[in-house]
Structure formats: C-alpha cells, structure tokens
Novice: 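One structure, pasted below without further comment.
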Amino acid sequence: MKKVLLFIMLLIGGMNIAMAQGEAEIKFDKMSHNFGKFSSKSPVVSCVFYYENVGDAPLVINQAIGSCGCTVPEYTKEPVQPGQKGEIKVTYNGTGKALGHFKKTISVNSNSKSGIVRLTIEGDMEENVEE
C-alpha cells in the first residue's frame, strides 16, 4: 500500500514538473506578402517574414517548405529564445514560369504550440514592367 501511495505521489509530482515547462509560441509580423507587378526580365524576387517567440520555451523551426520548387525559404536554424526574433527569407524564382498571377504557400513546422503555420506570397509577373 505504501508503495502504491509513493508511486502516485511521484506520478503527480512528475506531471507538475512537466506542466511547469513552458511552450514555444510563434508570432509572425505578417502572414502574407504581395510582390505586386514585376518584370519577367528580373524574375527572382524575395521577401522576409519576421517572427518572434512569444512563448516561454525555446522555439525551433524544424522545417519550412515551399509549395513548389520555385519557392525557396531560408530560415533561422538556431533555437529562438523567448522574447527573441528570427526570420524566414522567401525567394520566388519565376524563370521559365508563365506570365501572370501566382500564389504560393510556405509551410512552417516548428515546436510551437500552434503547430504548422502557412505563409503566402503572391504577385504578378509581366513581360514589360518598369523597374
């Protein structure tokens, strides 16, 4: 009986310790970016999404994946401490792509309690646009 009571007390204590550990939470400055009109003569455009860890545990981005090979994200690889900021640079390469409007997504997988977050980029690649 004493062993069972001791086991229950240890289990409850362990649960309290686990609950006391915080969670990371990611907050982006924006969820989408519109490049507007740009020329097919300069088909590579980039933008940066800034984020902050508003949680109370280190934030780690495990993966950031573009919806196609023309959309390439680069992101902060080191853990982002609570209150600190990181960034995801997204480059769209329209070389060889059809003219007109495009809309792409970037799926960001992290240890944040919100799980997978989707960012979007869009724009209009045209043949002759003044730069």
Side-chain angles (χ1 to χ4, degrees):
M1 182 67 172
K2 288 182 183 180
K3 289 182 182 180
V4 171
L5 186 56
L6 179 62
F7 176 74
I8 291 172
M9 288 174 48
L10 287 173
L11 183 62
I12 291 172
M15 288 173 55
N16 285 337
I17 290 171
M19 290 172 136
Q21 303 222 354
E23 287 186 285
E25 182 60 28
I26 194 167
K27 180 181 178 188
F28 283 91
D29 65 334
K30 60 184 177 180
M31 298 300 289
S32 63
H33 180 83
N34 190 331
F35 291 109
K37 294 179 182 181
F38 62 95
S39 176
S40 61
K41 293 178 183 175
S42 298
V44 180
V45 290
S46 296
C47 68
V48 177
F49 291 91
Y50 295 97
Y51 63 89
E52 182 178 1
N53 179 359
V54 294
D56 51 7
L59 173 71
V60 178
I61 293 186
N62 301 315
Q63 203 174 38
I65 301 174
S67 57
C68 78
C70 60
T71 306
V72 179
E74 299 173 44
Y75 56 93
T76 305
K77 303 282 194 268
E78 302 81 28
V80 176
Q81 299 302 317
Q84 299 297 309
K85 297 184 178 192
E87 64 183 52
I88 298 176
K89 179 181 178 186
V90 179
T91 302
Y92 172 78
N93 187 345
T95 304
K97 302 292 180 192
L99 298 176
H101 187 79
F102 69 89
K103 187 171 189 175
K104 304 294 179 182
T105 61
I106 301 90
S107 298
V108 180
N109 182 356
S110 71
N111 66 332
S112 172
K113 68 180 182 180
S114 56
I116 296 176
V117 176
R118 286 185 179 68
L119 307 171
T120 59
I121 59 168
E122 64 182 304
D124 294 287
M125 187 169 68
E126 297 183 352
E127 192 166 350
N128 295 313
V129 173
E130 292 282 325
E131 294 188 38

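Bear in mind the structure is a predicted one, so any value in this text is a computation, not a measurement.
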Novice: Flag yes if more than 12 heavy atoms outside K104 fall under 6.0 Å of its NZ atom; otherwise flag no.
Specialist: yes
Novice: Hey, what do you get for OG (S39) to CG (L99), rounding to the nearest 0.5 Å?
Specialist: 9.0 Å
Novice: Not counting sequence neighbours, which residues clear side-chain hydrogen bond (donor to acceptor under 3.5 Å, both in side chains) with K113? List them please.
Specialist: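 With sequence neighbours excluded, K113 shows a side-chain hydrogen bond (donor to acceptor under 3.5 Å, both in side chains) to no residue whatsoever.
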Novice: Quick one: list whatever passes side-chain hydrogen bond (donor to acceptor under 3.5 Å, both in side chains) with D29, sequence neighbours left out.
Specialist: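 D29: no side-chain hydrogen bond (donor to acceptor under 3.5 Å, both in side chains) contacts found.
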Novice: Could you give the distance from CD1 (I61) to CD1 (I26), rounded to the nearest 0.5 Å?
Specialist: 4.5 Å
Novice: I want to check something: taking the side chain as every heavy atom from C-beta on, are L59 and N111 in contact at a cut-off of under 4.5 Å?
Specialist: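 Side chain of L59 against side chain of N111, heavy atoms only: contact under 4.5 Å found.
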Novice: If you look only at pairs with a residue in residues 39-93, which of them pass as a ring-ring contact (aromatic ring centres under 6.0 Å, His included), with sequence neighbours excluded?
Specialist: F28-Y51, Y92-F102
Novice: Looking at side-chain heavy atoms only, is the closest gap between N93 and V72 below 4.5 Å?
Specialist: no
Novice: Any chance you could measure C47, atom SG, to I106, atom CD1, to the nearest 0.5 Å?
Specialist: 7.0 Å
Novice: For P43, enumerate each residue passing the side-chain contact (heavy atoms from CB on, under 4.5 Å) test, keeping only those at least two apart in sequence or located in another chain.
Specialist: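 Residues passing side-chain contact (heavy atoms from CB on, under 4.5 Å) with P43: T95, M125.
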Novice: Listing request: all disulfide (SG to SG under 2.5 Å) pairs with a residue in residues 74-116, at least two apart in sequence or in separate chains.
Specialist: none
Novice: May I ask you to test the V90-T71 pair for a side-chain heavy-atom distance under 4.5 Å?
Specialist: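 Counting from C-beta outward, V90 and T71 do come under 4.5 Å.
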Novice: Suppose we screen for disulfide bond (SG atoms under 2.5 Å apart). Which residues come up paired with C70, at least two apart in sequence or across chains?
Specialist: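 For C70 the disulfide bond (SG atoms under 2.5 Å apart) partners, ignoring immediate neighbours, are C68.
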Novice: My understanding is that only residues two or more places apart in sequence, or in another chain, count here; which of them pass side-chain contact (heavy atoms from CB on, under 4.5 Å) with N34?
Specialist: E122
Novice: Once rounded to the nearest 0.5 Å, what's the spacing between atom OG of S67 and atom CD1 of I121?
Specialist: 7.5 Å
Novice: Identify the two heavy atoms, one from K30 and one from L119, that lie closest to each other, and give their separation to 0.1 Å.
Specialist: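 Closest approach of K30 to L119: O-CD2, 4.1 Å.
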Novice: Pairs in or reaching into residues 79-109: which pass disulfide (SG to SG under 2.5 Å), with residues at least two apart or in two chains?
Specialist: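 Checked against disulfide (SG to SG under 2.5 Å) - neighbours excluded - no pair reaches residues 79-109.
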Novice: E78 versus T76: any side-chain heavy-atom pair under 4.5 Å?
Specialist: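 Yes - at least one pair of side-chain heavy atoms lies under 4.5 Å apart.
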Novice: For S112, check side-chain hydrogen bond (donor to acceptor under 3.5 Å, both in side chains) against everything at least two apart and list the hits.
Specialist: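 S112 satisfies side-chain hydrogen bond (donor to acceptor under 3.5 Å, both in side chains) with E25, S114 once adjacent residues are dropped.
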Novice: Considering all heavy atoms of both residues, which atom of P58 and which atom of A24 are nearest to each other, and what is their separation?
Specialist: O-CB, 3.5 Å
Novice: Without swapping roles, check the side chain of D124 against the backbone of F38 for a donor-acceptor pair under 3.5 Å.
Specialist: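 Side chain of D124 to backbone of F38: no pair is present.
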Novice: Please lay out, stage by stage, how T120 and R118 fare under the test side-chain contact (heavy atoms from CB on, under 4.5 Å).
Specialist: CA-CA 7 Å; T120 59; R118 286 185 179 68; 5.8 Å; no
Novice: Which atom names give the shortest non-hydrogen contact between A64 and P73, and what distance separates them?
Specialist: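 For A64 versus P73, the nearest heavy atoms are O-CG, 3.2 Å.
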Novice: For the backbone of G86 and the side chain of N53, can you confirm whether one donor and one acceptor N or O come within less than 3.5 Å of each other?
Specialist: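 Not confirmed, N53 side chain does not pair with G86 backbone.
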Novice: Return the set of residues passing side-chain hydrogen bond (donor to acceptor under 3.5 Å, both in side chains) with S107 (not counting sequence neighbours), or none when no residue passes.
Specialist: none
